[in-house]
Amino acid sequence: MGSELKYLAVLAITLAALLHSTAAQETHVVGDKFGWLVPPGGHYAYEVWAAGHKFSIGDILEFNFTTGDQDVAKVTKQAFDSCNSTSPIELKTTGPANFTLDTIGEYYFIGTKDRHCELGQKLAINVTAHSGSPTPSPSPKPSPTPRGPVTYVVGDQFGWIVPPGGELAYSAWAYGKTFYVGDTLVFNFVNGTQDVAVVTKAAFDNCNTNSTVAVFTNSPVNIILNTTGELYFTSTYDRHCELGQKLAINVTAKSTGTATSLSSPTTPSSHAPSAQSPAAPGPYNSAPSMINGSGYFVSFLLVALSFFH
Ligand SMILES: *[C@@H]1O[C@H](CO)[C@@H](O)[C@H](O)[C@H]1NC(C)=O
Ligand SMILES: *[C@@H]1O[C@H](CO)[C@@H](O)[C@H](O)[C@H]1NC(C)=O
Ligand SMILES: *[C@@H]1O[C@H](CO)[C@@H](O)[C@H](O)[C@H]1NC(C)=O
Ligand SMILES: *[C@@H]1O[C@H](CO)[C@@H](O)[C@H](O)[C@H]1NC(C)=O
Ligand SMILES: *[C@@H]1O[C@H](CO)[C@@H](O)[C@H](O)[C@H]1NC(C)=O
Ligand SMILES: *[C@@H]1O[C@H](CO)[C@@H](O)[C@H](O)[C@H]1NC(C)=O
Ligand SMILES: *[C@@H]1O[C@H](CO)[C@@H](O)[C@H](O)[C@H]1NC(C)=O
Ligand SMILES: *[C@@H]1O[C@H](CO)[C@@H](O)[C@H](O)[C@H]1NC(C)=O
Ligand SMILES: *[C@@H]1O[C@H](CO)[C@@H](O)[C@H](O)[C@H]1NC(C)=O
């Protein structure tokens, strides 16, 4: 998996550079293969999806849905925030439905059926001008410089959810990050809607959570990486694993760095990886790498992947 991912990464970066400099118009299929529906992860799902895309003027937004089951309305920010569908700017009831992004600024879309919007079928995007001279820089370079223990918030501000783009979302999150013994993983989620299951590689690959190494149900879950080797995380909730809520990381031996903790107040300790401190994860939420780093990367990774199918 490691080398395959690396190969894909190189391909994705190449493609990113290529597409970015040549394509005048891009079509974004909202939610990728999941399309436009009431997402299992709530409204975060389309936020994650949007964070992984760059919307430029002239691009097309394609909402893929079954006519009759869903619809899509372009609305004001106010209507978006309150899920008010009484007088949308534009309503399309036939799927798939396209919107051309012809002005710079924010666009808001909701589903108007039943309680679809309240349940998370809503999308906000920000359209920017085409950058004249593209400087492709999807370069998540692991820093070889010595460092103290780092606390990683899994999925950054999106936390631990069923990602709309499938499992590549968390692969992309982990891509380029170096996990050392002594680092900490923090899983943030809404209690009762997710859990964190530590599983074997076989269970991870097959999404079989009949037997787990450990399961944590109270957010935030802090996992101290106390041994080298591969670690596999997923969820015991029905189909969450199949839908892509899974993360594999490779923990390497401690960096030869100093013991001074520069980036986090977490004390590396000999605790089992089950230490669940209710410490507020707030201060660590400031690394939106999914927004413009690896998120952008995800979309191109998906493009790259589609060449293999
Ligand atoms: C994890 O890292 C070790 C040491 O760097 C390496 O030998 C192993 O192949 C890696 N595993 C994966 C799945 O990349
Ligand atoms: C739209 O959804 C249908 C049914 O799931 C699928 O067959 C089709 O490939 C999708 N179209 C796009 C552009 O993803
Ligand atoms: C919904 O929007 C309409 C038109 O803008 C407005 O008249 C109505 O009061 C709004 N409803 C709610 C509940 O805000
Ligand atoms: C939406 O846009 C895509 C990509 O340009 C195109 O293939 C498709 O035919 C369009 N669909 C509709 C309904 O206009
Ligand atoms: C959209 O982008 C503009 C310019 O980059 C920025 O000023 C604005 O805050 C953004 N809006 C949102 C909702 O992110
Ligand atoms: C998981 O457990 C259920 C109920 O015991 C069983 O029916 C199922 O076959 C098991 N799945 C696997 C993959 O072992
Ligand atoms: C989850 O539940 C635990 C234990 O009841 C509690 O300490 C924690 O604050 C809860 N987390 C959230 C995000 O509600
Ligand atoms: C790491 O955590 C595991 C699982 O709780 C525990 O069995 C083991 O003793 C820990 N190792 C160290 C070096 O603390
Ligand atoms: C990318 O993320 C960095 C912080 O990691 C932020 O300062 C920068 O404004 C972001 N760029 C865009 C285009 O969102």
Side-chain angles (χ1 to χ4, degrees), residues 19 22-33 35-36 41-44 53-102 107-118 122-123 125 127 130 151 153-161 184-197 214-223 235-237 245 274-285 299 302-303 306:
L19 289 174
T22 56
Q25 182 189 65
E26 227 185 297
T27 300
H28 307 273
V29 179
V30 176
D32 298 316
K33 68 179 174 184
W36 179 240
H43 65 94
Y44 289 117
H53 289 74
K54 187 176 187 324
F55 304 97
S56 300
I57 201 153
D59 287 356
I60 290 175
L61 208 52
E62 182 172 354
F63 291 83
N64 196 12
F65 59 86
T66 307
T67 304
D69 290 350
Q70 321 286 341
D71 63 9
V72 56
K74 185 180 173 194
V75 297
T76 61
K77 179 176 189 331
Q78 202 177 12
F80 175 86
D81 290 339
S82 59
C83 282
N84 182 343
S85 56
T86 44
S87 51
I89 298 166
E90 191 175 358
L91 175 68
K92 296 194 189 223
T93 56
T94 307
N98 287 358
F99 287 86
T100 302
L101 307 176
D102 48 14
Y107 288 66
Y108 300 92
F109 300 94
I110 61 173
T112 74
K113 301 243 173 207
D114 302 325
R115 289 178 37 77
H116 286 198
C117 177
E118 286 85 350
K122 56 196 299 190
L123 170 71
I125 63 164
V127 175
H130 249 309
T151 297
V153 177
V154 176
D156 297 316
Q157 70 267 45
F158 301 108
W160 182 236
I161 59 170
T184 301
L185 289 187
V186 178
F187 293 81
N188 287 321
F189 53 88
V190 178
N191 282 345
T193 66
Q194 319 285 342
D195 64 10
V196 178
V215 177
F216 306 107
T217 56
N218 293 331
S219 174
V221 174
N222 295 337
I223 307 266
S235 168
T236 68
Y237 278 74
Q245 190 175 25
S274 56
Q276 281 196 35
S277 93
Y284 311 125
N285 281 351
S299 56
L302 287 170
V303 170
S306 66

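This structure is a prediction, so every number in the text was calculated from the model and none was measured. When a ligand or atom number is given, it counts from 1 through the structure's own listing order.
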Which of these, [options], has its nearest heavy atom closest to [atom]?
{"atom": "atom 4 (C) of ligand 4", "options": "Thr94, Ile60, Thr27, Asp59", "answer": "Thr27"}
{"atom": "atom 10 (C) of ligand 7", "options": "Val190, Asn188, Asn191", "answer": "Asn191"}
{"atom": "atom 5 (O) of ligand 3", "options": "Ser87, Ser85, Ala79", "answer": "Ser87"}

**Prompt:** Under 3.5 Å, N or O to N or O, is Asn84 touching ligand 3 that way?
**Reply:** yes
**Prompt:** What is the closest protein heavy atom to atom 11 (N) of ligand 4, and at what distance does it sit?
**Reply:**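 Checked against all protein heavy atoms, atom 11 (N) of ligand 4 sits closest to Asn98 ND2, 3.0 Å.
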**Item:** Proximal ligand 3 atoms for Thr86, defined as those under 4.0 Å from one of its heavy atoms
**Value:**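 Heavy-atom distances to Thr86 below 4.0 Å select 1 (C), 2 (O), 3 (C), 4 (C).
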Any donor and acceptor pair, going by atom type alone, linking the side chain of [X] with main-chain N or O of [Y] inside 3.5 Å?
{"X": "Lys113", "Y": "Gly68", "answer": "yes"}
{"X": "Tyr108", "Y": "Ala73", "answer": "no"}
{"X": "Asp59", "Y": "Glu26", "answer": "yes"}
{"X": "Gln25", "Y": "Gly58", "answer": "yes"}

**Message:** Under a 3.5 Å cutoff, is there a donor and acceptor pairing between the side chains of Asp195 and Thr236?
**Reply:** yes
**Item:** Closer than 4.0 Å: a protein non-hydrogen atom to atom 7 (O) of ligand 4
**Value:**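 No, there is none.
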**Asked** Where on Pro96 is there a heavy atom closer than 4.0 Å to ligand 4, on the side chain, on the backbone, on both, or on neither?
**Response**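 Pro96 to ligand 4: backbone contact only, side chain stays beyond 4.0 Å.
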**Mutual orientation of the aromatic rings belonging to Phe63 and Trp36 [parallel < 30°, tilted 30-60°, perpendicular > 60°]** =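 Ring orientation, 0 to 90° scale: perpendicular.
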